[in-house]
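Structure first, then comments.
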Protein chains: 2
Amino acid sequence: MKQRIERIKKQLHSKGYKLTPQREATLTVLLEREEDHLSAEEVFLLVKEKAPEIGLATVYRTLELLSELKIVDKINFGDGVSRYDLRKEGVEHFHHHLVCMECGSVEEIIEDLLGEVEKIVEDEWEFQVKDHRLTFHGICKQCQKVAVKAK
Amino acid sequence: MKQRIERIKKQLHSKGYKLTPQREATLTVLLEREEDHLSAEEVFLLVKEKAPEIGLATVYRTLELLSELKIVDKINFGDGVSRYDLRKEGVEHFHHHLVCMECGSVEEIIEDLLGEVEKIVEDEWEFQVKDHRLTFHGICKQCQKVAVKAK
DNA sequence: CTCCATGCAAATGATTTGCATAGCG
DNA sequence: CGCTATGCAAATCATTTGCATGGAG
């Protein structure tokens, strides 16, 4: 994790930004909760535990910055808040989500499922694909089991 | 278009809702601008031309209602506003978007590109897919041409 | 009459911004 | 010093809600 932050520090520097304690605390939270999809508010509360003086605006500014640098992805599952998701290192952009309509859980799929599809879009629509968002809405494994038991 | 509205009227009635003049005006706007992805505000302004007394809250309520009835899809391209998109009749849910990062234009793909992918998700993750959202971000045909010329 | 629906204004909630201050190089 | 970054409070923007009124069956 240390090294990961070191690398991000270099990325920041190369663009003239600094890795301030607040930014580092925010990154640490994001790393610790890599599996989650935290909202700005949630990040703020977690960062506050490490650095109580931090302001919500700073968290927003930091997340915005990280988003520009493509270190995090800003995603939106339609619940009124933006969520932030650390990109896997070395993985260009493929990164999909399974959102459960029952329990709200979000599972990630790192695997690239869209290679073929992307090719079709590029060829047939002459659209030069830079990135994509794919989200499935449905019922997760656990909730399927619950439904069966409930019968 | 008349018939389309008639059918929606029946759908509304079957759930105990009415097709009020405001709702009809809203639907008319959505039908006239079927290709676009209007925000609530934009719909409101267009409806106001036909029915000046309408209130923004009513537009929101109508869009919400139509969304519940699966007559429109509420989508979010990450620009801070929800957009509303009429579902094609008879088409279950497959409906993807190509968002141009240059000019902001949005193109629709009706074709089902995800049959295979969906199967993989169902089998490999045991996730029961109900619906999905797929958006590609990139450069549209027109903007690619402009870029070439600019050289 | 009984509801559903509406318009308006006020409330809410997320996100952004202005500004004075603090701190690194 | 010169800039970037920060905290705080105020501002903004989209969306929602309360409430009294209006209208269809």
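For the numbers below, each heavy atom of this structure counts, side chains included, while hydrogens, waters and symmetry mates do not. These figures come from a predicted structure and were not determined experimentally. In what follows, chains carry the letters A, B, and so on, assigned in the order in which the sequence lines appear, proteins first and then strands, with residues in each chain numbered from 1.
Between the side chain of B:Arg23 and the backbone N or O of B:Lys18, at least one donor-acceptor pair lies under 3.5 Å. Judged by distance alone, with hydrogens and angles left aside, the side-chain atoms of B:Glu108 form no donor-acceptor pair with the main-chain N or O of B:His95 at under 3.5 Å. At least one donor-acceptor pair under 3.5 Å links the side chain of B:Gln144 to the backbone N or O of A:Glu126.
Hydrophobic clustering, with ILVMFWY side chains joined whenever heavy atoms are under 4.5 angstrom apart, keeps A:Val121 apart from B:Ile75. Hydrophobic clustering (ILVMFWY, side-chain heavy atoms < 4.5 Å, transitive): B:Leu98 and B:Met101 are in distinct clusters.
The structure places CD of A:Glu111 at 4.0 Å from CH2 of B:Trp125, a figure rounded to the nearest 0.5 Å. For the atom pair A:Asp73 CG and A:Arg87 CZ, the distance stands at 4.0 Å (nearest 0.5 Å).
To the nearest angstrom, P of D:dA5 lies 15 Å from CD of A:Glu24. Computed from coordinates, the A:Lys9 NZ to D:dT4 P distance equals 18 Å when rounded to whole Å. Straight-line distance from the CD1 atom of B:Ile54 to the P atom of D:dG22: 18 Å, rounded to whole Å. Regarding A:Leu12, its CG atom lies at a distance of 12 Å from the C1' atom of D:dT4, rounded to whole Å. Atom CZ in B:Phe44 sits about 15 Å away from atom P in D:dT16, given to the nearest Å. For the pair A:Tyr17 OH and D:dT6 P, the computed distance is 12 Å after rounding to whole Å.
In this structure, A:Arg23 reaches the sugar-phosphate backbone alone: every heavy-atom distance under 4.0 Å involves primed, P, OP1 or OP2 atoms, never a base.
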Nucleotide N/O of nucleotides 11-15 of chain D paired with protein N/O under 3.5 Å:
from: D:dT15; atom 1: OP1; to: B:Ser82; atom 2: N; distance (Å): 2.9
from: D:dT15; atom 1: OP1; to: B:Ser82; atom 2: OG; distance (Å): 3.2
from: D:dT15; atom 1: OP2; to: B:Tyr60; atom 2: OH; distance (Å): 2.4
from: D:dT15; atom 1: O5'; to: B:Tyr60; atom 2: OH; distance (Å): 3.1

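Along DNA chain C, read 5' to 3', the first and last nucleotides having any atom under 4.0 Å from a heavy atom of chain A are C:dA14 to C:dG23.
Along DNA chain C, the nucleotide closest to B:Gly16 and the one closest to B:Glu53 are compared, and the more 5′ of them pairs with B:Gly16.
Side chain to side chain, A:His37 and A:Asp85 meet the donor-acceptor criterion of an N or O pair below 3.5 Å.
Under the rule for a side chain to side chain contact (heavy atoms under 4.5 Å, CB included), the partners of B:Glu116 that lie at least two apart in sequence or sit in another chain are B:Lys119.
Note on A:Thr20: every side-chain N or O is 4.0 Å or more away from OP1 and OP2 of D:dA5.
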